[in-house]
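Have a look at the structure below before the remarks.
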Amino acid sequence: MALPQRFLALETSGPETSVALFVEGEPRVFRKSFRRFAHSSLLPGWVLAVLEEEGVSPADLDGVALSGGPGYFTALRMGLVFAKALHLLHGTPVILVPTPEALAMELPLPEGAEITVLLDAQKREVHRAVLRKARPLPERLEDLTIVPVEGLVITTPYAAGSGMVRYF
């Protein structure tokens with residue numbers, strides 16, 4: 001699968017917000033905030049700033065990629081609404097990327113690295129997926145399942161996600 005020439009990547013599935021501009025598959029500008037649930041106040045200004053920094057107008061975007069879940073409902077909705085607005089205003093295609101793949105793409109790991117993604121599902125459970133870092137998107141080695149944290153064994157050298165932060 002070939003990625004568009006110029007696309008915006010939005011991460012709003014969890015409490016943090018990140019925005020990146022990719023040109024020909026390479027990240028050019030990146031912003032991340034650890035301010036909890038500030039998506040609606042950060043996205044408009046950040047998107048304009050990263051586009052301006054590279055001399056790209058919203059109409060020049062070939063696509064918007066955003067995390068599509070699992071995640072916090074309202075947080076996901078903020079990203080979806082913003083992407084839909086770009087689509088309605090400029091005809092920009094929207095690409096939903098499952099949250100485990102979005103997280104694996106964001107991690108600074110070498111190509112081929114295997115990662116267990118654990119996303120908090122509340123009630124001492126996690127959404128668990130195992131992926132291999134690859135381009136343009138990570139390869140899913142084990143499908144997303146909900147598992148209890150008790151007795152959970154991580155078999156990959158890397159693990160990440162809100163479930164790791166909360167339970168491990």
Side-chain angles (χ1 to χ4, degrees), residues 1 3 7-22 25-27 29-43 46-47 50 63-87 93-168:
M1 172 171 88
L3 290 174
F7 76 95
L8 195 62
L10 307 176
E11 172 51 60
T12 64
S13 65
E16 295 87 23
T17 308
S18 65
V19 173
L21 177 65
F22 285 75
E26 295 299 321
V29 186
F30 178 75
R31 302 273 189 286
K32 182 170 181 101
S33 172
F34 294 98
R35 209 171 102 210
R36 294 179 59 79
F37 300 108
H39 313 308
S40 61
S41 63
L42 294 175
L43 280 177
W46 276 9
V47 167
V50 300
V64 178
L66 72 147
S67 52
Y72 293 95
F73 175 74
T74 300
L76 287 165
R77 190 173 54 178
M78 291 297 108
L80 288 166
V81 165
F82 195 83
K84 184 174 182 179
L86 283 173
H87 173 73
V94 175
I95 304 160
L96 282 179
V97 179
T99 300
E101 280 81 348
L103 179 60
M105 287 172 60
E106 190 175 343
L107 294 171
L109 296 174
E111 196 94 1
E114 292 185 2
I115 310 140
T116 299
V117 175
L118 300 173
L119 302 169
D120 189 7
Q122 307 294 314
K123 299 180 183 176
R124 300 201 49 79
E125 294 182 324
V126 291
H127 297 277
R128 177 186 177 275
V130 177
L131 301 112
R132 178 178 294 124
K133 185 96 177 205
R135 287 181 166 248
L137 292 173
E139 173 190 354
R140 197 172 277 194
L141 302 176
E142 292 181 32
D143 284 334
L144 189 67
T145 56
I146 296 178
V147 297
V149 296
E150 285 74 20
L152 177 67
V153 176
I154 298 169
T155 58
T156 60
Y158 304 101
S162 59
M164 280 295 296
V165 172
R166 181 166 186 183
Y167 299 112
F168 300 99

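The model shown is predicted, which means the values in this text are computed figures rather than measured ones. One-based numbering along the sequence shown.
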Requested in this report: Just do the side-chain contact (heavy atoms from CB on, under 4.5 Å) check on Met78 and Thr17 with the steps written out, would you?
Outcome: CA-CA 10 Å; Met78 291 297 108; Thr17 308; over 6 Å; no
Rounded at 0.5 Å granularity, tell me how far [atom1] in [X] sits from [atom2] in [Y].
X: Leu8; Y: Leu86; atom1: CG; atom2: CG; answer: 7.0 Å
X: Arg135; Y: Glu26; atom1: CZ; atom2: CD; answer: 4.5 Å
X: Ile146; Y: Arg128; atom1: CD1; atom2: CZ; answer: 13.0 Å
X: Ile154; Y: Ile115; atom1: CD1; atom2: CD1; answer: 12.5 Å
X: Leu10; Y: Ile95; atom1: CG; atom2: CD1; answer: 11.0 Å
X: Glu142; Y: Thr155; atom1: CD; atom2: OG1; answer: 6.0 Å

For residues [X] and [Y], determine if any side-chain heavy atom of one lies less than 4.5 Å from a side-chain heavy atom of the other.
X: Pro70; Y: Leu144; value: yes
X: Arg31; Y: Leu42; value: no
X: Phe82; Y: Val64; value: no
X: Leu96; Y: Leu80; value: yes
X: Leu118; Y: Phe168; value: yes

Report task. May I have all residue pairs that pass salt bridge (charged side-chain N to carboxylate O under 4.0 Å, His left out) and include part of residues 158-168, sequence neighbours excluded? Result ->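 Listed by first then second residue: Asp120-Arg166.
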Requested in this report: Without swapping roles, check the side chain of Tyr72 against the backbone of Pro15 for a donor-acceptor pair under 3.5 Å.
Outcome: no
**Report entry** Ser13 backbone acceptor or donor facing His39 side chain under 3.5 Å
**Finding:** no
**Report entry** Set of salt bridge (charged side-chain N to carboxylate O under 4.0 Å, His left out) partners for Arg35, sequence neighbours left out
**Finding:**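 For Arg35 there are no salt bridge (charged side-chain N to carboxylate O under 4.0 Å, His left out) partners, ignoring immediate neighbours.
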For [X] and [Y], which heavy atoms make the closest approach, and how far apart are they?
X: Ser67; Y: Thr12; answer: OG-N, 3.4 Å
X: Tyr158; Y: Ala113; answer: CE1-CB, 3.8 Å
X: Ser18; Y: Trp46; answer: CA-CZ3, 4.3 Å

Query raised in the report: Which word best sums up how the rings of Phe7 and Phe22 line up, parallel for under 30°, tilted for 30 to 60°, or perpendicular for over 60°?
Result: parallel
Query raised in the report: Given Pro100, which of Thr116, Asp143, Val117 fulfils the side chain to side chain contact (heavy atoms under 4.5 Å, CB included) condition?
Result: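 The side chain to side chain contact (heavy atoms under 4.5 Å, CB included) with Pro100 is passed solely by Val117 among Thr116, Asp143, Val117.
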Ignoring hydrogens and angles, write down the donor-acceptor pairs under 3.5 Å from the side chains of residues 101-109, residues two or more places apart or on other chains.
{"residue": "Glu101", "atom": "OE1", "partner": "Arg140", "partner atom": "NH2", "Å": "2.8"}
{"residue": "Glu101", "atom": "OE2", "partner": "Arg140", "partner atom": "NE", "Å": "3.0"}
{"residue": "Glu101", "atom": "OE2", "partner": "Arg140", "partner atom": "NH2", "Å": "3.1"}
{"residue": "Glu106", "atom": "OE2", "partner": "Lys32", "partner atom": "NZ", "Å": "3.0"}

Report task. Check the pair Arg132 / Glu114 against salt bridge (Lys or Arg N to Asp or Glu O under 4.0 Å), numbers first and verdict last. Result -> CA-CA 4 Å; Arg132 178 178 294 124; Glu114 292 185 2; 3.0 Å; yes
